Amino acid sequence: LSSLCFFSSSSPLGQKSKIWNDKQGTKSGIALLYNKETSNTYDVRLKLTKEVLIIQKLDVVCTRGGDPQLNVSTEGGAEHKVPVVISKMFKDQVHLLRTAGEEVTITVRFLREVPSFLKLPLGSPVPPADQSSRVSSPLFDSGLHLNGNSSNTAPSSPSSPSANEPKYEKRWLDAVSLPLLMARASRYKAGTDKLRSNSFEVCALDGASINILQFCTAAESTDWLQAISSNISDLTLENMKMINRYCSPDDQIVHMGWVCGNPHADDAGPSNTFKFLALRGPWLYIFTSPPVSATDWGQAETLYILYEVLFKVHKLWMAEDCWIQAKFYLGLQQDEEVQDGEPFCFSILVGHGQSHTFSVEMTSDLAVWEKSFQRAVFMEVQRVGSKTYMCSSQGKVLCLTIDFGSGFTCSESSSKKILWRYKFSQLKGSSDDGKTRVKLLFKNAENKQIEMKELEFSNLTAVLHCIHSFIASKVASVDPVFVNSQSISGKYMI
């Protein structure tokens with residue numbers, strides 16, 4: 001089952017499609033399944049539960065009478081260039097093969113134009129047994145009879161099947177059960193930077209089962225994307241909480257999930273590749289596939305120290321559009337307004353001027369990643385307390401220590417003699433050459449004069465990001481709103 005198309009205004013079944021939610025929170029709807037390999041479409045029904053997306057296929061089952069040995073479905077054949085295989089054993093019929101011995105002879109009855117038959121509405125009456133109906137109804141050609149609802153069945157007649165003959169009904173049977181744990185839902189076309197129009201794909205953890213859901217309107221597409229993404233997020237959160245129970249406070253997972261990686265223009269390979277990011281302990285992990293076992297956490301494609309990288313949101317809104325900004329910060333959805341425009345992107349700026357750019361599906365995803373990154377950096381800065389970097393100035397080897405409590409301290413590398421010290425609040429500005437040198441401007445607490453300190457580092461970008469992380473964490477630590485949110489998040493996370 002390679003792809004799936006959903007239409008909620010009308011369906012090939014000849015009846016108006018329905019979308020509904022039951023008391024257990026199951027979301028359902030009629031859909032159309034498209035198989036790329038055979039170029040065929042099949043009517044299906046979607047059932048979205050908390051843990052799985054179920055795709056049901058309309059099929060014919062024998063509900064009364066008939067030879068039980070006929071209750072075997074087969075697929076394939078010479079016209080498809082594949083062998084004939086048993087595709088399904090009906091209920092209580094599995095024992096037939098188990099006790100059949102080494103050789104089995106199966107008599108196959110060919111139902112001509114079965115796909116067109118399956119597109120009849122559910123509960124449709126049995127066609128009249130005249131000549132024209134016999135031409136259009138493969139069931140009557142094959143000697144099988146479809147029975148609809150009891151109120152819609154054709155009246156008995158001398159030519160009608162007797163009560164002892166088989167009775168067949170159309171029913172929805174589970175065809176695919178796609179687990180949502182660590183699954184991915186995305187509007188991006190794999191290997192491109194193109195967004196699907198009113199559609200998205202859902203991919204299971206194993207990456208093998210990919211289904212494309214297509215909708216008639218942007219509102220319906222957003223509704224289903226949000227519903228599926230919400231269930232995926234809930235399962236991810238439960239998985240995080242379970243892992244965190246058995247990890248030390250210094251190794252907690254703050255957030256993780258799928259993103260779409262946007263490489264630079266000069267990079268070779270596909271335009272977009274999906275990545276799985278995780279904020280855990282002191283690290284930002286980048287995976288090609290989600291970590292399932294403890295060993296998988298050691299197989300990250302790339303990892304960075306959190307306080308040495310910088311998180312940057314971009315391509316979100318026009319600066320003058322204050323309403324879009326307000327809705328973003330309030331957590332309101334506005335995907336329908338911009339889904340055909342710029343994607344929701346953020347960048348991770350790392351050492352030596354390098355960066356990674358990622359796209360997410362909705363503004364709510366962007367907000368969660370930004371807040372989670374701030375919380376993860378804050379927790380790590382408080383944990384380490386200070387960070388020291390080797391540097392040089394006027395030919396001397398020095399050490400610059402960035403301390404959460406005391407601020408900046410510069411000392412000689414060999415003697416550890418302190419040369420100067422300033423608080424974070426005394427830093428009034430900085431400039432750098434984009435390579436190795438930085439000028440830090442501090443305000444002298446006594447004479448109120450600006451003093452410049454010029455230092456040279458082997459990895460200037462990492463140092464500047466570290467300074468930014470410590471200062472941002474220092475400011476956040478005196479913000480009661482932020483501190484209270486961290487306390488609540490910490491309890492909720494663990």
Side-chain angles (χ1 to χ4, degrees), residues 250 279 281-284 303-314 346-356 370 373-479 482-483 486:
D250 298 338
L279 302 172
W283 305 103
L284 164 64
L303 68 162
Y304 299 101
I305 300 175
L306 276 171
Y307 55 75
E308 290 188 345
V309 299
L310 184 65
F311 183 97
K312 178 183 178 183
V313 174
H314 58 100
F346 64 89
S347 291
I348 301 296
L349 309 180
V350 298
H352 300 290
Q354 299 176 342
S355 66
H356 298 273
E370 183 176 27
F373 193 90
Q374 292 171 352
R375 183 167 73 249
V377 171
F378 179 82
M379 293 170 57
E380 181 59 16
V381 167
Q382 287 203 318
R383 186 187 72 84
V384 299
S386 65
K387 173 65 177 179
T388 299
Y389 293 94
M390 299 293 294
C391 58
S392 63
S393 178
Q394 298 179 350
K396 296 181 179 180
V397 179
L398 307 176
C399 293
L400 177 67
T401 299
I402 307 165
D403 187 271
F404 185 77
S406 59
F408 302 94
T409 300
C410 185
S411 60
E412 292 183 351
S413 176
S414 56
S415 64
K416 308 300 180 182
K417 178 183 178 181
I418 296 177
L419 302 179
W420 49 263
R421 175 177 289 165
Y422 297 96
K423 296 180 179 180
F424 288 126
S425 59
Q426 293 179 267
L427 180 64
K428 300 304 178 182
S430 66
S431 62
D432 61 85
D433 62 359
K435 298 178 181 179
T436 60
R437 295 183 181 181
V438 61
K439 294 179 180 179
L440 301 175
L441 304 178
F442 297 101
K443 184 176 182 180
N444 189 295
E446 296 180 357
N447 58 26
K448 309 302 180 182
Q449 298 296 313
I450 299 297
E451 300 175 350
M452 183 187 73
K453 304 298 181 181
E454 184 172 352
L455 301 173
E456 186 170 354
F457 298 87
S458 59
N459 189 352
L460 178 61
T461 304
V463 176
L464 295 179
H465 290 168
C466 181
I467 293 175
H468 176 274
S469 296
F470 272 70
I471 293 179
S473 298
K474 189 69 174 181
V475 173
S477 67
V478 296
D479 180 358
F482 179 82
V483 172
Q486 300 314 296

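What you see is a predicted model; the values in this text were computed from it and never measured. Residue numbers run from 1 in the order of the sequence given. The figures that follow rest on heavy atoms only: side chains count, while hydrogens, waters and symmetry mates do not.
Separation of atoms CG (Leu441) and NZ (Lys453) is listed at 11.0 Å; rounding is to 0.5 Å. Note that NZ of Lys443 and OG of Ser425 are 10.0 Å apart. Values are rounded to the nearest 0.5 Å. With rounding to the nearest 0.5 Å, the separation of CD in Gln374 from CE in Met379 is 14.0 Å. Here the straight-line distance linking atom CD of Glu451 with atom CG of Leu440 works out to 12.5 Å at 0.5 Å rounding. In this structure, Leu455 CG and Ser392 OG are separated by 8.0 Å, a value rounded to the nearest 0.5 Å. Interatomic distance, CD1 of Ile418 versus OG1 of Thr401, reported as 8.5 Å (0.5 Å rounding).
Sorted by first and then second residue, the pairs that involve residues 428-470 and meet ring-ring contact (aromatic ring centres under 6.0 Å, His included), not counting sequence neighbours, are Phe408-Phe442, Trp420-Phe442, Tyr422-Phe442.
You'll find the side chain of Phe373 reaches within 4.5 Å of the side chain of Leu306, heavy atoms only. Side-chain contact check for Thr409 versus Asp403: every heavy-atom pair is 4.5 Å or farther apart. Two residues are said to be in side-chain contact when any heavy atoms from C-beta on lie closer than 4.5 Å; Ile348 and Leu310 fail this criterion. Looking at heavy atoms from C-beta onward, Ser473 lies in side-chain contact with Val377 at the 4.5 angstrom threshold. Inter-residue side-chain proximity for Leu427 and Ile471 is flagged as met; some heavy-atom pair is nearer than 4.5 Å. Within the 4.5 Å cutoff, the side chain of Met390 has heavy atoms near those of the Ser413 side chain. At a threshold of 4.5 Å between non-hydrogen side-chain atoms, the residues Ser458 and Tyr389 do not count as touching.
Contact detail for Lys439 and Met452: the closest heavy-atom pair is CD-SD, 3.6 Å. When every heavy atom of Thr461 is checked against every heavy atom of Val350, the shortest pair comes out as CG2-O, 3.2 Å. Across all non-hydrogen atoms, the minimal contact from Cys391 to Leu400 is SG-N, 4.1 Å. The two residues Ser469 and Val381 have their closest heavy-atom pair at O-CG2, 4.1 Å.
For the pair Glu308 (side chain) and Cys466 (backbone), a donor-acceptor distance under 3.5 Å is absent. In terms of modelled atom types and a separation under 3.5 Å, the side chain of Ser393 and the main chain of Glu454 share a donor-acceptor contact. Under a 3.5 Å cut-off, the side chain of Lys474 and the backbone N or O of Phe404 do form a donor-acceptor pair. In this structure, the side chain of Asp433 engages the main chain of Thr436 through a donor-acceptor pair within 3.5 Å.
Judged as a side-chain hydrogen bond (donor to acceptor under 3.5 Å, both in side chains), and not counting sequence neighbours, Arg437 has no contacts. Among residues two or more places apart in sequence or in another chain, the side-chain hydrogen bond (donor to acceptor under 3.5 Å, both in side chains) test is passed with Asn459 by none.
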Stepwise side-chain contact (heavy atoms from CB on, under 4.5 Å) check, Leu284 with Leu279
CA-CA 5 Å; Leu284 164 64; Leu279 302 172; 3.5 Å; yes
